[in-house]
Amino acid sequence: YQRRVRAIGSPTVTLSLSGHTSGIDCVGFDESEEHVVAGSASGTIKLWNIDKAQVVRTLSGHKANISALSFHTYGKFLASGSLDTNVRLWDTRRQGCICTYKGHGGRINCLKFSPDGKWIVTGSEDGTVKMWDLGTSKVIQEFKQHTSGVSCLQFHPCEFLLATGSSDKTVKFWDLETFDLVSTTNPEAKPIRKIVYDPKGDALFSGAEDSLRVYGWEPARVYDSLCMFWGKVADMTVQANQLIGASYQQTNVAVWVVDIGKLKPFNGDVTPLVEEPTGAAQGIQASAPLPLISAPTQPTAAPEPAPPARSEPMKRTPPKQRKHLQHWEQKGPTQDPKYGQLSQNAQNADPNVAANALGKISLLNNQQEQTVTEAEFLKTTSTGHRGVRDNLETRLRNLQYVRTVWSKGDLKQALEVAISLDDQGITVDILQVIQSRPAIWDLHICTIVLPALRTLFHSKHENHLFVACSTLKHIIRSFGQ
């Protein structure tokens, strides 16, 4: 039972690692690619130092096969999921389990830490997705809309958005501010095995056994569809404008490369396919599998016929569900300055900056080996949540104040109060409400709203710009004649 490391495109074994005494079910690299971890059928996890080719940690505690592994974004922590339905959080420096998360009713198929490192999201064979808070070790949200096992999940690189793929053949998109379902794709022909966003977050790639699709989510739509012959695709990533996929069949492994510059919307064509897409754009082909681990000869994936051209391109619909769109890389969901600048790529980030961005959890990036108790870990993790709570409480008080004024029947004063609070999120909320009630508009309301629109037009948030434009359009349509 060995792990073999190869460079992509080379059939030569770069490194062979041994240590497990039972079958290996999953593997993974840490962010710096200095360590590789593997989970076995016996429930044991082993961590190797790649340079030294030595086992540095053996983690035991699961009672069945290890089915999912994920390293923490900014530290020496590892999460594991198992056939025993439990999720465990490990400190790889002290060789101990920090916490066990229980609640799923089936095998853990996938798990990931949030980009800011404060949450962990798990997908199970029971069809549920659970979001756990690392500070309280409790479930803060559960998504139950999938009708079959959840096979993969992915955080959007910029927005507070989560995508989940399932054996029910659909991909669902979730708003992580409101915890609402944003959209659901039409069922594919085969179960979804892997999903990945492009680095800029413009689209989502979805891999099934015989196809690759490119999705948008507001609304759900298929930009492009490509027929593939990769079978059991086990992983996908996007590097240098190429999508790289790895698949396996018995003892063979194959690597596939797709030039995403030829796929919609990356080729400049944002016109989505028909509702039930049947193929890829003309002239696009996936590469044949690169020879890796004696991969069998397979035919080159041929493009399917292009769908009939639309008479008018369909432009991306601005997000409507997520009212206060923020970025993982900028600030937290409530403008908490403690979030700071968060880097997507841990190996390029200053460990000290990363620790401060996570609420000054210095233990996550401590250069020295030290023993950290569970109580210390939970205490330091919860530190960064205080600012979030305070901002949420302030926002709630402001909204209650505006509602109290409005309930007295004085809409104009309620608008003036909302705008005077200097909170663009509240202003956007009020504008969305009054847009749905054309009868209450008059010239006095217009004179109150127009100065606020000027501020919204300078906002960096797409939803704020969309609401400002739609409000101005409503005013011109109603009072411009």
Side-chain angles (χ1 to χ4, degrees), residues 25-29 37 39 65-71 73 79-83 85 87 104 106-115 119-132 141-157 159 161-174 176 181-199 201 203-217 220 222 225-226 228 230-239 243-248 255-256 258 260:
D25 291 339
C26 55
V27 295
F29 288 92
V37 65
N65 305 55
I66 306 298
S67 51
L69 294 166
S70 178
F71 277 96
T73 312
S80 61
S82 170
L83 185 61
T85 74
V87 176
H104 280 294
R107 179 185 65 206
I108 309 300
N109 291 330
C110 52
L111 52 81
K112 278 187 180 295
F113 288 99
S114 61
W119 301 337
I120 184 170
V121 178
T122 57
S124 171
E125 193 64 27
D126 64 9
T128 65
V129 177
K130 293 180 184 287
M131 179 176 291
W132 310 80
Q141 185 63 33
E142 182 176 8
F143 304 115
K144 300 181 179 180
Q145 281 84 340
H146 279 295
T147 58
S148 188
V150 178
S151 55
C152 49
L153 54 87
Q154 193 73 234
F155 285 96
H156 192 281
E159 301 177 7
L161 187 73
L162 175 72
T164 56
S166 169
S167 297
D168 65 12
K169 306 174 185 178
T170 68
V171 176
K172 295 183 183 293
F173 298 91
W174 311 90
L176 296 184
L181 177 63
V182 175
S183 60
T184 302
T185 64
N186 289 331
E188 297 194 18
K190 297 290 183 65
I192 309 298
R193 295 187 61 90
K194 281 294 175 181
I195 56 176
V196 63
Y197 284 101
D198 77 281
L204 178 88
F205 298 97
S206 171
E209 287 190 13
D210 57 0
S211 67
L212 172 68
R213 290 195 178 189
V214 187
Y215 283 115
W217 48 90
V222 180
S225 181
L226 190 64
M228 303 292 288
W230 50 17
K232 297 179 180 179
V233 56
D235 201 5
M236 296 194 306
T237 187
V238 179
Q239 296 289 336
L243 183 138
I244 304 172
S247 63
Y248 68 94
V255 173
W256 304 74
V258 177
I260 66 173

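- The shortest heavy-atom contact between Thr73 and Ser114 is OG1-O, 3.5 Å.
- By the salt bridge (Lys or Arg N to Asp or Glu O under 4.0 Å) test, Glu209 pairs with no residue at all, sequence neighbours left out.
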(request) Would you please test Met228 and Val258 for side chain to side chain contact (heavy atoms under 4.5 Å, CB included) and show each step? (result) CA-CA 10 Å; Met228 303 292 288; Val258 177; 4.1 Å; yes
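- Across Gly149 and Ser166, no two heavy atoms sit closer than the pair O-OG, 2.8 Å.
- Nearest approach of Ser80 to Leu69, heavy atoms of both residues: CB-CD2, 3.7 Å.
- By the 4.5 Å heavy-atom criterion applied to side chains, Met131 and Leu176 are counted as neighbours.
- In terms of modelled atom types and a separation under 3.5 Å, the side chain of Asp198 and the main chain of Ala203 share a donor-acceptor contact.
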(request) List the steps and the verdict of side chain to side chain contact (heavy atoms under 4.5 Å, CB included) for Lys144 and Thr128. (result) CA-CA 5 Å; Lys144 300 181 179 180; Thr128 65; 4.2 Å; yes
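- Between Ile108 and Ser67, some side-chain heavy-atom pair lies under the 4.5 Å cut-off.
- For Asp235, the side-chain hydrogen bond (donor to acceptor under 3.5 Å, both in side chains) test picks out no residue, with sequence neighbours left out.
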(message) Walk me through whether Phe173 and His156 qualify under side chain to side chain contact (heavy atoms under 4.5 Å, CB included).
(response) CA-CA 10 Å; Phe173 298 91; His156 192 281; over 6 Å; no
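- Put simply, the side chain of Leu243 reaches to within 4.5 Å of the side chain of Val196, judged on heavy atoms.
- Scanning for side-chain contact (heavy atoms from CB on, under 4.5 Å) contacts around Thr147 gives Asp168, with sequence neighbours left out.
- Under a 3.5 Å cut-off, the side chain of Thr237 and the backbone N or O of Ile244 do not form any donor-acceptor pair.
- Of all the heavy atoms in Asn65 and Asp25, the pair that sits closest is ND2-OD2, 2.9 Å.
- In this structure a side-chain-to-backbone donor-acceptor pair under 3.5 Å is present from Asn109 to Val150.
- Side-chain contact between Val121 and Val129: present, with at least one pair of heavy atoms (C-beta onward) separated by less than 4.5 Å.
- With a 4.5 Å cut-off on side-chain heavy atoms, Phe143 and Leu162 count as touching.
- Pairing each heavy atom of Trp230 with each of Gly207, the nearest pair is CZ2-CA, 3.9 Å.
- Every residue meeting the side-chain hydrogen bond (donor to acceptor under 3.5 Å, both in side chains) condition with Ser124, not counting sequence neighbours, appears here in chain and number order: Asp126.
- Taking CD1 from Ile260 and CG from Leu226, the interatomic distance works out to 12.5 Å, rounded to the nearest 0.5 Å.
- Partners of Lys232 under the salt bridge (Lys or Arg N to Asp or Glu O under 4.0 Å) rule, at least two apart in sequence or in another chain, do not exist in this structure.
- Of the possible polar contacts, one joining the Ser151 side chain to the Gly165 backbone as a donor-acceptor pair under 3.5 Å is found.
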(request) I would like to know whether Leu161 and Tyr197 meet side chain to side chain contact (heavy atoms under 4.5 Å, CB included); could you show each step before the answer? (result) CA-CA 11 Å; Leu161 187 73; Tyr197 284 101; 3.6 Å; yes
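- Judged as a side-chain hydrogen bond (donor to acceptor under 3.5 Å, both in side chains), and not counting sequence neighbours, the contacts of Thr184 are Lys172.
- Remark: Tyr215 pairs with no residue by the ring pair (Phe, Tyr, Trp, His ring centres under 6.0 Å) rule, at least two apart or across chains.
- Scanning for salt bridge (Lys or Arg N to Asp or Glu O under 4.0 Å) contacts around Arg107 gives Glu125, with sequence neighbours left out.
- Contact of the Ile195 side chain with the Phe205 side chain is not registered, since no non-hydrogen atoms from C-beta on lie closer than 4.5 Å.
- With sequence neighbours left out, Lys130 forms a side-chain hydrogen bond (donor to acceptor under 3.5 Å, both in side chains) with Glu142.
- Tested against Ser206 for a side chain to side chain donor-acceptor pair (under 3.5 Å), the candidates Arg193, Gln154, Glu188 yield a single pass: Glu188.
- The two residues Lys194 and Val233 make their nearest non-hydrogen contact at CG-O, 4.0 Å.
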